[in-house]
Amino acid sequence: MREPSTPPAESLLAWYDRHRRDLPWRAPPGARPDPYRVWLSEIMLQQTTVAAVAPRFAAFLARFPTVEALAAAPWEEVARAWAGLGYYARARNLHAAAKVVAEQGRFPEDAAGLRALPGVGDYTASAIAAIAFGRPEVPVDGNVERVVARLFAVEEPLPGAKPRLRALARRLGEEEAAKARPGDFAQALFDLGATVCTPRRPACTLCPCRVSCAGHRAGVAESLPRKAEKGLRPQRFGVVFWLEDAAGRVLLRRRPPAGLLGGMLELPGTPWREVRWGEAEAHEYAPAPVRWSNAGAVRHVFTHFALDLAVRVGRVERIGEALAVPRDEVLGAGLPGVMAKAAKAALSAAAVAEEAWVRASA
DNA sequence: AATTCGGGGAT
DNA sequence: ATCCCAGAATT
């Protein structure tokens with residue numbers, strides 16, 4: 001009878017106690033974390049890197065210190081605080097969920113209750129339940145899928161392998177060491193995936209679970225998990241208009257509440273289509289019948305299409321609409337990334353024009 | 001089961 | 001350039 005090696009969950013937790021990442025939303029070891037912070041961090045971290053979230057988490061928390069404060073805030077303030085983070089449905093759902101929690105007086109304390117909140121899916125419900133409330137859940141994110149696929153040498157490609165990977169993750173969580181510390185076990189899996197069991201060139205020599213890893217033993221760890229091939233990214237085109245009045249105010253508008261960039265600010269412009277816009281047809285969507293000059297174009301890549309956005313600038317004596325902001329405040333108004341790019345192009349073109357004017361007058 | 005949702009960092 | 005990220009909601 002061979003001596004059994006230390007089981008993976010126990011090894012992983014011992015490793016975590018020495019190598020855990022110190023992150024802004026994590027409570028000190030042994031302390032019970034604030035459910036509001038756990039929830040907020042989990043929503044921000046959906047498909048978003050730790051590096052991108054860290055500075056935004058602190059700023060958001062300073063602006064909305066409690067779930068009650070968030071629930072009481074107007075949408076415009078929430079949108080401004082989220083601008084640039086992407087996946088804006090997260091902000092809309094966050095706001096809606098805050099109202100539910102504030103109304104109920106507290107967060108649900110199990111996965112099923114959390115799952116009912118807007119913007120909380122299976123993964124996030126499990127993560128909050130484990131981390132904030134010590135429930136025996138194993139949240140399965142991209143990190144955990146990769147770690148588990150390698151530990152058990154799962155050759156089936158994603159996304160088809162998801163149910164199998166979830167079942168294997170649950171099996172890992174049934175080890176006594178994991179059940180004793182569900183939140184730490186979950187975060188240990190995250191940290192292992194982020195710092196050791198990385199997508200490319202995993203550091204298997206540093207891995208606490210190396211002796212248990214079927215993928216490593218078979219020499220295929222780095223090639224897992226396998227993934228189905230994805231299609232090509234289509235191209236779309238649009239035109240946006242930077243309309244400025246004599247007082248230096250710039251016309252903005254708010255997008256419809258659902259869909260792409262829903263509820264966020266933008267420069268007025270044409271729809272986005274698969275064919276480039278001609279000058280005349282684009283100007284049918286211009287916010288005013290003025291002479292438009294070309295301020296170049298910006299390119300932006302979304303998850304499922306690439307956008308080529310031509311930027312035109314024009315002037316009127318006075319903008320009547322309410323939603324106009326001073327040109328120096330446009331970039332601070334909370335524009336999504338693509339619109340911030342377009343605004344910078346317009347501001348840059350205006351600066352060039354100004355310089356030419358100064359040079360010509362000299 | 002497939003598609004629609006952003007943006008940035010690493011390679 | 002491609003890949004990936006503490007995924008969810010919709011169709």
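Labels below follow one simple rule: chain letters A, B, ... track the order of the sequence lines, proteins then strands, and each chain is numbered from 1.
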- Are A:Asp17 and A:Arg181 within salt-bridge range, i.e. N to O under 4.0 Å? yes

- Should the pair A:Arg236-A:Glu274 be classified as a salt bridge under the 4.0 Å nitrogen-to-oxygen rule? no

- Item | Ring centres under 6.0 angstrom apart (A:Trp39, A:Phe107) | yes

- Query: Are A:Phe305 and A:Phe302 an aromatic pair by the rule of ring centers under 6.0 Å?
  - Reply: yes

Distance check needed: [N] [atom2] versus [X] [atom1], whole Å only.
X: A:Tyr16; N: C:dA6; atom1: OH; atom2: P; value: 14 Å
X: A:Phe190; N: C:dA6; atom1: CZ; atom2: P; value: 9 Å
X: A:Lys230; N: C:dT2; atom1: NZ; atom2: P; value: 10 Å
X: A:Ile128; N: C:dA6; atom1: CD1; atom2: C1'; value: 11 Å
X: A:Leu117; N: C:dA8; atom1: CG; atom2: C1'; value: 13 Å
X: A:Lys162; N: C:dA6; atom1: NZ; atom2: P; value: 13 Å
X: A:Glu42; N: C:dA8; atom1: CD; atom2: C1'; value: 13 Å
X: A:Asp184; N: C:dA6; atom1: CG; atom2: C1'; value: 15 Å

- So, with a heavy-atom separation below 4.0 Å from DNA chain C, the residues of residues 23-30 of chain A are A:Leu23, A:Trp25, A:Arg26

- Note on the structure: Given protein heavy atoms under 4.0 Å, the one-letter contact record of nucleotides 1-11 of chain B, with B base, S sugar-phosphate only and - none, is simply ---SBBB---S

- Query: What interatomic distance, in whole Å, is found between C1' of C:dC5 and the corresponding atom of B:dG6?
  - Reply: 12 Å

- Query: When the P atoms of C:dA8 and B:dG9 are considered, how many whole Å apart are they?
  - Reply: 23 Å

- Base, sugar-phosphate, or nothing for A:Val120, non-hydrogen atoms under 4.0 angstrom? sugar-phosphate

- Name the nucleic acid region contacted by A:Ser41, choosing base, sugar-phosphate or nothing; use a 4.0 angstrom heavy-atom cut-off, strictly under. nothing

- Query: So does A:Arg146 get a side-chain nitrogen or oxygen closer than 4.0 Å to the phosphate oxygens (OP1/OP2) of C:dC5?
  - Reply: yes

Going from [atom1] on [X] to [atom2] on [Y], what distance comes out if it is rounded to the nearest 0.5 angstrom?
X: A:Leu168; Y: A:Glu145; atom1: CG; atom2: CD; result: 11.5 Å
X: A:Lys99; Y: A:His95; atom1: NZ; atom2: NE2; result: 4.0 Å
X: A:Leu251; Y: A:Phe241; atom1: CG; atom2: CZ; result: 11.5 Å

- Query: If we ignore angles and hydrogens, is there a donor and acceptor under 3.5 Å between the side chains of A:Trp75 and A:Glu77?
  - Reply: no

- Query: Between A:Arg255 and A:Trp272, is NZ or CZ placed under 6.0 angstrom from the six-membered ring centre and within 45° of the ring axis?
  - Reply: yes

